There are 2 protein chains.
Amino acid sequence: MLIKYDHPTRILLALDCIIFGFDGEELKLLLVKRNIEPEIGKWSLMGGFLNEGEDLEVAAERILYERTGLKEIYFEELQTFGKVNRDPVERTVSVCLFSLINIHAHNPDAAKAQNAYWINLKNRPNLIFDHNEMVNLAIERLRYKAALHPIGFELLPEKFTIPQLQKLYEAIYDMPLDRRNFSRKILSTGLLIDTGEKNENSITKKAILYRLDQEKYQKHFNAFLNFMPDVSLS
Amino acid sequence: MLIKYDHPTRILLALDCIIFGFDGEELKLLLVKRNIEPEIGKWSLMGGFLNEGEDLEVAAERILYERTGLKEIYFEELQTFGKVNRDPVERTVSVCLFSLINIHAHNPDAAKAQNAYWINLKNRPNLIFDHNEMVNLAIERLRYKAALHPIGFELLPEKFTIPQLQKLYEAIYDMPLDRRNFSRKILSTGLLIDTGEKNENSITKKAILYRLDQEKYQKHFNAFLNFMPDVSLS
DNA sequence: TAAAATTGTGTGAAAATAACACGTTTTTAG
DNA sequence: CTAAAAACGTGTTATTTTCACACAATTTTA
């Protein structure tokens with residue numbers, strides 16, 4: 001009976017989180033201005049290390065909770081990054097997470113405590129290590145998934161209007177969409193339930209507030225729906 | 001300046017490979033009957049450990065080469081598995097790879113030397129550790145990707161006929177497809193080039209041999225194409 | 001009170017899809 | 001030598017989906 005494998009290499013395992021948010025106008029990333037070594041003062045993703053006796057998935061949930069104060073948020077594995085010199089301190093392999101949260105559910109005080117800020121995707125700062133590469137891959141993944149799966153709702157409040165949803169999609173793909181076709185396509189999925197309320201915050205005509213049919217959402221999540229016209233996913 | 005991170009947990013990192021092949025009739029997996037500890041005599045995926053000073057991606061290529069004798073084959077990361085007790089010998093996190101190869105390019109002697117066998121997907125044996133879970137996820141991924149991307153060609157020889165391609169898709173989705181619609185859909189992608197030759201191995205009418213337009217293939221790989229009718233991806 | 005901004009719904013042309021028919025090539029049975 | 005059987009290639013048509021654009025309704029502001 002083996003006690004240990006006869007292999008010399010044991011490695012520090014990190015988890016890094018790419019957390020997307022949407023403020024109604026622009027896509028944002030939750031980034032941290034580092035107040036710890038290494039690379040103090042520079043910007044990075046938020047992360048942590050896998051603990052002894054902790055499942056990888058549990059570690060992911062823990063770190064997301066520590067960093068956002070939120071539980072049961074949407075996340076999936078993006079990719080595992082393992083270049084030898086990706087971290088100058090010591091060799092670290094990083095399991096990179098891709099997460100979507102409702103920006104308004106996020107406590108700004110919690111962010112301050114972490115030295116974290118919501119930064120517009122379009123004018124994000126340079127990040128340390130291979131974090132830029134991670135973010136680029138995450139944007140690609142977001143565009144891919146949102147075109148086929150009803151993933152966008154994760155970024156919106158519980159009640160939302162179709163024009164708000166459209167603005168989100170326009171932000172994700174950085175392109176204008178036809179209002180009438182978008183509305184029909186979204187409604188035809190049957191995932192939206194009319195709450196009977198209207199968006200009283202609006203300055204002009206108040207749009208209908210919908211909520212997600214959670215049951216259908218869970219059930220049809222993987223039945224791809226082609227939300228986008230003519231998206232050539234690069 | 002930090003020398004090492006102040007964190008106690010360093011872990012063995014494995015790579016496990018799910019290698020799909022197609023023999024013209026059925027989908028197959030390259031599995032190994034273990035002649036090493038642990039779990040000697042049982043079936044498992046093929047894998048290896050990440051080495052000191054070796055990029056994760058390089059390790060993936062190395063292990064795939066060691067196990068198949070093939071270079072430059074299609075692979076991507078499937079997922080990283082990290083349950084605490086997934087490996088009874090010692091804690092191991094496994095980066096799981098998803099690979100497609102042309103079964104006829106694979107040297108049977110190399111397989112024998114590895115104690116590896118091509119096993120029909122449908123009657124595969126029980127596998128050790130969490131390898132069953134990995135295979136199930138890989139099948140899901142294969143179905144997902146093949147419905148949207150021209151990934152199936154990776155499983156075929158350089159020259160192939162449309163009926164052969166159709167049989168592959170029928171094997172992947174385990175459902176019959178209309179010959180005429182399938183043919184038109186595939187040809188309309190413009191990815192196939194008529195070689196002018198015919199499949200002389202056929203026992204009946206000899207079908208046209210096509211080859212892949214490599215340039216278009218690379219370029220359009222991510223421009224999803226909807227190869228399948230009515231696939232509700234579960 | 002009219003203009004401006006925004007929202008909801010409708011309509012017809014074009015394109016994609018699905019269901020189905022027919023003719024051709026090749027081997028095999030007699 | 002011939003007819004039947006099997007597999008392949010292409011065509012047709014109805015249906016569905018998508019796209020581009022029009023119009024009416026609601027609400028605030030000038």
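All figures in this text were calculated on a predicted structure; none of them were measured in a lab.
For B/Lys206, whose side chain is taken as the heavy atoms from C-beta onward, the closest listed nucleotide among D/dC8, D/dT27, C/dT27 is C/dT27. Distances were taken from every side-chain heavy atom of A/Asn181 (C-beta onward) to each of C/dC20, C/dT9, D/dA20; the shortest belongs to D/dA20. For A/Lys185, whose side chain is taken as the heavy atoms from C-beta onward, the closest listed nucleotide among C/dT27, D/dC19, D/dG9 is D/dC19. Checked against C/dT9, C/dT7, D/dC8, the side chain of A/Ala207 finds its nearest nucleotide in C/dT7. Checking D/dT10, D/dT12, C/dT9 against every side-chain atom of B/Arg180, the shortest atom distance belongs to D/dT10. Comparing D/dT12, D/dA20, D/dA22 by their nearest atom to the side chain of A/Arg179 picks out D/dA22.
Straight-line distance from the CG atom of B/Asn201 to the P atom of C/dT26: 14 Å, rounded to whole Å. Atom CG of B/Leu187 and atom P of C/dT17 are 14 Å apart (whole Å). Note: CG (B/Asp178) to P (D/dT10) measures 15 Å, nearest angstrom. Taking atom OH on B/Tyr210 and atom C1' on D/dC8, their separation rounds to 10 Å, with Å as the unit. A straight line from NZ of B/Lys198 to C1' of D/dC8 spans 9 Å, rounded to a whole angstrom. Put simply, CD on B/Glu200 is 15 Å from C1' on D/dA7, counting in whole angstrom units. Residue A/Asp194 contributes atom CG, which lies 12 Å from atom C1' of C/dG8 at whole-angstrom precision. Rounded to whole Å, the distance from NZ on B/Lys167 to P on D/dA6 is 14 Å.
Below the 3.5 angstrom threshold, one finds a donor paired with an acceptor across the side chain of B/Lys205 and the base of C/dT24.
Note on A/Ile162: nothing from the nucleic acid sits closer than 4.0 angstrom, heavy atoms only.
Heavy atoms of other residues, nucleotides or ligands lying less than 6.0 angstrom from CD of A/Glu76 number more than 12.
Between the side chains of A/Ser44 and A/Arg34, at least one donor N or O lies within less than 3.5 Å of an accepting N or O. Side-chain contact of A/Asn199 with A/Thr161: a donor-acceptor pair under 3.5 Å is absent, judged by distance alone. No side-chain donor from either of B/Glu158 and B/Tyr210 sits under 3.5 Å from a side-chain acceptor of the other.
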Quick one: side chains of residues 126-134 of chain B, donor-acceptor pairs under 3.5 Å with protein atoms, not counting sequence neighbours, listed by atom name and distance.
unit_1: B/Asn126; atom_1: OD1; unit_2: B/Asn132; atom_2: ND2; d: 2.8
unit_1: B/Asp130; atom_1: OD1; unit_2: B/Arg86; atom_2: NE; d: 3.4
unit_1: B/Asp130; atom_1: OD1; unit_2: B/Arg86; atom_2: NH2; d: 3.0
unit_1: B/Asp130; atom_1: OD2; unit_2: B/Arg86; atom_2: NE; d: 2.6
unit_1: B/His131; atom_1: ND1; unit_2: B/Leu45; atom_2: N; d: 3.0
unit_1: B/Asn132; atom_1: OD1; unit_2: B/Leu127; atom_2: N; d: 3.1
unit_1: B/Asn132; atom_1: ND2; unit_2: B/Leu127; atom_2: O; d: 3.1

